[in-house]
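What follows is one structure encoded as structure tokens, with my remarks underneath.
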Amino acid sequence: MRKLLRLVALGVGLAVVPASAQEVVLRAVTSFAEGTQFSKNFERFIEKVNADGKGVVRINYIGGPRAMPPFEVGNAVRTKVVDIANVTGAFYTNLMPEADAFKLIAKPMSEQRQNGTWDFINQLHNQKLNSQYLARQFHNVPFHIYLNKKPDNLDFTGLKIRVTPVYKDIVEALGGTAITTAPGEVYTALERGVVDGYGWPVSGIFDLGWDKVTKFRLEPAFYSVEVNVLVNLDTWKALSDAQRKVLGDAALWLEGLDAENTAVVAAERERQAKAGIQPIDFGPEEARKFLDKANEVAWQSVLKRAPESGAKLRQLAGN
Ligand code: 173
């Protein structure tokens, strides 16, 4: 404050003070365990920013769930407890119900940035999360339900399934009981039989040892993973053009890493097979019904909570 007064006293209006002549340091967290599947590329992004932005912008990586509970990360970036976060919309639907629709948007980011989707979702983040929507990752990685009990058909009656908002509606539509937990509680819940299965992307189950407590993977794969890089909006606005350019360029590079995912997904499926995780497949007709139901219950759930913006997102998603 004293420095500010001195600047004002010197007749230097705030607006003409260079946004930052020196390096700015941003505090970052991730909502997934450090070094695991859905933090890895964000960590590569941080390395790139720190290399390309030397002397301009630096990211101080605080870490993952050991530093902050995953379901609090969205609010932390909103209130500027952190400047930048790697977080799925599924973890902040309490602040933005529309975030539940991001899993239904599977177009590549290059297309979403052209057709107005990025722009609309950025507006939602500006308004509801006081943040800039810097990047979205993993549009081409789907989810699965993993099970330890084998149902006779796609009826989950009597099954308790660990969920986040990603899977809650479809699990309940199939008659199952949905139990919400953070990823960090999945292993123990399975080990103790508190749940009979869980929702998770096709990749990442080996990171925390879940393969040891997983018997089956239900087919088909569904939805589209979304993990976003958000920057607190006050932080974003206070950056210089040069600082924003370092972050923006690195964000596009990060989205480009999605090209690696096809190989990652194939390798994960093979690794699961080798680990003895058996696919459960009720055939193409049941798969079609499952996918239609998963799509419809998710849209209805969003539209109920956010009729206008939900409809706009559905139109942009084209499904
Ligand atoms: O299952 C989850 O915790 C979840 O919702 C999620 C979302 C994106 C990537 C990985 C997991």
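Residue numbers count from 1 along this sequence. Start at 1 and go down the list; that is how both ligands and their atoms are numbered.
Contact atoms of ligand 1 toward T88: 7 (C), 8 (C) (distance under 4.0 Å to a heavy atom of the residue). Counting the atoms of ligand 1 from 1 in the order shown, those under 4.0 Å from a heavy atom of V166 are 5 (O). In the vicinity of F91, heavy-atom distances shorter than 4.0 Å reach the ligand 1 atoms 3 (O), 5 (O). Counting atoms of ligand 1 from 1 in the listed order, those under 4.0 Å from a heavy atom of G199 are 1 (O). Residue P183 has at least one heavy-atom neighbour below 4.0 Å for each of these atoms of ligand 1: 3 (O).
Side-chain contact between V77 and I84: absent, with no pair of heavy atoms (C-beta onward) separated by less than 4.5 Å.
The closest protein non-hydrogen atom to atom 3 (O) of ligand 1 is R162 NH2, 2.9 Å. Among protein heavy atoms, the minimum distance from atom 4 (C) of ligand 1 is reached at Y167 OH, 3.5 Å. Among all non-hydrogen protein atoms, the one lying nearest atom 9 (C) of ligand 1 is F32 CZ, 3.6 Å.
Look at Y198 and you'll find every heavy atom at least 4.0 Å from all atoms of ligand 1.
Heavy atoms from other residues, nucleotides or ligands lying under 6.0 Å from NZ of K128 number more than 12. Within 6.0 Å of NZ in K168 there are 12 or fewer heavy atoms belonging to other residues, nucleotides or ligands.
Contacts with ligand 1 closer than 4.0 Å are made by no heavy atom of Q137, backbone or side chain. Looking at P201 against ligand 1, only its side chain comes within 4.0 Å, counting heavy atoms.
In this pair, Y133 and W118 present their aromatic rings parallel. The plane angle is below 30°, not in the 30 to 60° band. Relative ring orientation between F32 and F38 is described as tilted, the plane-to-plane angle lying within the 30° to 60° band.
With a 6.0 Å cutoff to the six-membered ring centre and a 45° limit on the axis angle, K103 does not count as a cation-pi contact of F143. Relative to the six-membered ring of F206, R271 meets both conditions, a distance below 6.0 Å and an angle of at most 45° to the axis.
Residue-to-ligand polar distances keep W200 apart from ligand 1: every N/O pair is separated by 3.5 Å or more.
Residues W210 and Y198 place their aromatic rings such that the two centres sit under 6.0 Å apart.
A donor-acceptor pair shorter than 3.5 Å can be found between the side chains of Y92 and N228.
Comparing heavy-atom distances from atom 2 (C) of ligand 1 across T181, T164, V225 singles out T164 as nearest.
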